[in-house]
Amino acid sequence: MAVEHVVVILYLGACVGIGVWASRRSLASADDYWVAGRSVGTWVNAMAIMASLASGGSIIGVMGLAYAQGIPATLALFAGAVVGFPIASVLVARPLRRFGRFTITDFLTERYPHKVVRLLVPTLIILSFTVYIVAQMKAAGITAQVLLGIPYETALTLATLVFVLYVSVGGMLAVTWTDLVQGVLMVAVVLGTAAALVIQVGSPGELLDQAVAVAPALGAAPKHPITTDLGSFVIWAAAVPVIPHVVMRVYTAKNPDSARLSLNIAMLFYSALVLAAVFLIVPFAKAHHPGLEDADQVFLAVMRSEFGPAIRGLAVAAVLAAVMSTTDALLLAVSSAVAHDLIGKGFGARVGPRTLGRVNVVVVWVVGLVAMFLAYDPPALITVFYSAAIGVLGASLLVPVLAGLWWRRANLAGGVAALVVGAVVYLTVQLVPGTPKLSAILFALPASALAMVLGGFFGRPDPAERLAAIAALHQDQDDEGAGTSAPAPVVATEKV
Amino acid sequence: MTTPETPQKVAPPPRGFFPMPRADLLFLVLILAFAVIGLLPWAREAEAGGVALLGWMMAALMVLSPAIALGRILLARRRRRGGRP
């Protein structure tokens, strides 16, 4: 076990080192802490976006899901996430980058200045992301347990301490640079593993043929209702354009053009990762490791049986990288929801930047530790688990954001109604017994859109200056040279 | 403020959407149409190479949608740069 341990310790040490280095720069201003000074280049941002989205779910979970439910059902879910990025790059990236704040809540609270928005949006983010973090921690725990022989709880505790440490001290700069390292590691390990398996078997076609011959269900249409596939696709397609840790990446870009390029480059890498896992690694596992009790252990079973200690160490580091690169971005988004959105905006000038900084560090530690304790009793099939949690963000935020950016008639009444109705319908349908898995979004999104339309037509129109501020976000500008930190015109706020 | 003595015209509520480049709109419609076709029941029943068409179409969507979006952004950037003196 010595070699694996050394590789993992080196990797964890590098992450903490980057956090400490970044902390010297990141605490100079809010811009530096939350959005890395809005100075991240296209390729670094692309790899960071890819690493943020490619979670433990995208290595451990994608293979577990494909192993348990087949290739088509898995790709219906992950294609939704990929399609969400081009949608985000067309509909959201440019105007939001021009808007130039820190978080998705910033936009929503200025577009719809109401206390319900100010409180509900960060609350939904905190709840949803805490569940998401729990799923990531399970991936870290079982990986270290299976490949390093460390007890699950010990692995969970160590991983939590490392990423909580570097997020709390390093902010977005640390998260971006560790994500870059982690993204490269993930791509190298997953594509390298897939290539090695193809060489071993002969060709990708042979790999798939062998697996389908042994287990026809791998390629067959899913047995669950069509609404589950549709729902899983829509959850991710709807969530990605508004998901806070992705939106924060839009704000870190040097300019709107760079933001749009990063989003799409990231998705090409992400697609390569998922497709290699689903079409090459899982078929190999189906043929050589049929009947695994915990489907989420597919990758680990392949690594253990086919590779030596050094590669296994890299595999552990890659899975930890996937978990940590997502979890650190989630932690930063949650801490921004509490420190920046709830406390900063709620108490305004009464809380100084130094106090907010301390609050942020405390929040990162509290959320990290709460998620760690919840992960001691982990859920089955992590991808389904965290997709359901993410769905509430897509259901409640997508319509207010898109209508707020693009529909001239969108107003305060419509925005608040769409937000509340989307969240309430999603959670209600989710709890109704017998509802097909992941299908709640199919009810919640139309309901949210209807609420927006009714509010838009029957509510009081917004002040002209607010509409003018949104119109300014759509004016033709030279995006390559657009100011790197100049905020958009302030949207007028009103007390309700 | 409107009073009975001094009736004022209320500005009509704003209408429609902010303009979007036609190519962007077409791109969105195309990828969403492709996704809808891929998720319909027929794609679950038909198979190729032992995998339901649903799987192949979603895989194609995962590659094509970011690739086309990327190509469009780079093309627009080159056009903008070419237009400069």
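Just so we're on the same page: letters track the sequence lines, and every chain starts at 1.
- Within the 4.5 angstrom heavy-atom criterion, atoms from both the backbone and the side chain of B:Pro41 approach chain A.
- Considering every non-hydrogen atom in both B:Met20 and A:Trp406, the closest pair reads CB-CZ3, 3.9 Å.
- Pairing each heavy atom of A:Ile470 with each of B:Phe18, the nearest pair is CG2-CE1, 3.5 Å.
- Side chains of B:Phe17 and A:Arg408 form no contact here, defined as non-hydrogen atoms less than 4.5 Å apart.
- When heavy atoms are compared at a cutoff of 4.5 Å, A:Phe279 approaches chain B solely by way of its side chain, counted from C-beta outward.
- Residue A:Leu208 comes nearest to B:Gly49 through the heavy atom pair CD2-O, 4.2 Å, listed as atom of the first residue, atom of the second, then distance.
- The parts of B:Leu39 that come within reach of chain A are both its backbone and its side chain, each placing non-hydrogen atoms under 4.5 angstrom from that chain.
- Of all the listed residues (B:Ala43, B:Ala46, B:Ser65), the one sharing the greatest number of non-hydrogen pairs under 4.5 Å with chain A is B:Ser65.
- Distance check, rounded to the nearest 0.5 Å: OH of A:Tyr270 to CE of B:Met62 gives 6.5 Å.
- Among B:Gly55, B:Ala76, B:Pro66, B:Gly50, the residue with the largest count of heavy-atom pairs under 4.5 Å with chain A is B:Pro66.
- Between B:Val63 and A:Ser271, the shortest heavy-atom contact is N-OG, 4.5 Å.
- Among A:Ile71, A:Val90, A:Thr74, the residue making the largest number of heavy-atom pairs under 4.5 Å with chain B is A:Val90.
- At a 4.5 Å heavy-atom cutoff, the contact between B:Leu70 and chain A is made by backbone and side-chain atoms alike.
- Taking the side chain as every heavy atom from C-beta outward, A:Ile87 and B:Leu32 approach each other to under 4.5 Å.
- Side chains of A:Val82 and B:Leu61 form no contact here, defined as non-hydrogen atoms less than 4.5 Å apart.
- Side-chain contact check for A:Asn264 versus B:Ile68: every heavy-atom pair is 4.5 Å or farther apart.
- Contact of A:Phe233 with chain B is made through the side chain alone, with heavy-atom distances under 4.5 Å.
- With hydrogens and angles disregarded, no donor-acceptor distance shorter than 3.5 Å links the side chain of B:Arg44 to the backbone of A:Ala221.
- Between A:Ile226 and B:Leu40 there is no side-chain heavy-atom pair separated by less than 4.5 Å.
- For the residue pair B:Ala52 and A:Pro72, the shortest heavy atom distance occurs at CB-CG, 3.9 Å.
- The distance from the CG atom of A:Leu275 to the CE atom of B:Met58 is 12.0 Å, given to the nearest 0.5 Å.
- There is no contact between B:Phe34 and chain A, counting heavy-atom distances below 4.5 Å.
- Of the two parts of A:Leu91, only the side chain, counted from C-beta on, holds a non-hydrogen atom closer than 4.5 Å to a non-hydrogen atom of chain B.
- When side chains are defined from C-beta on, A:Leu261 counts as touching B:Arg77, because their heavy atoms get closer than 4.5 Å.
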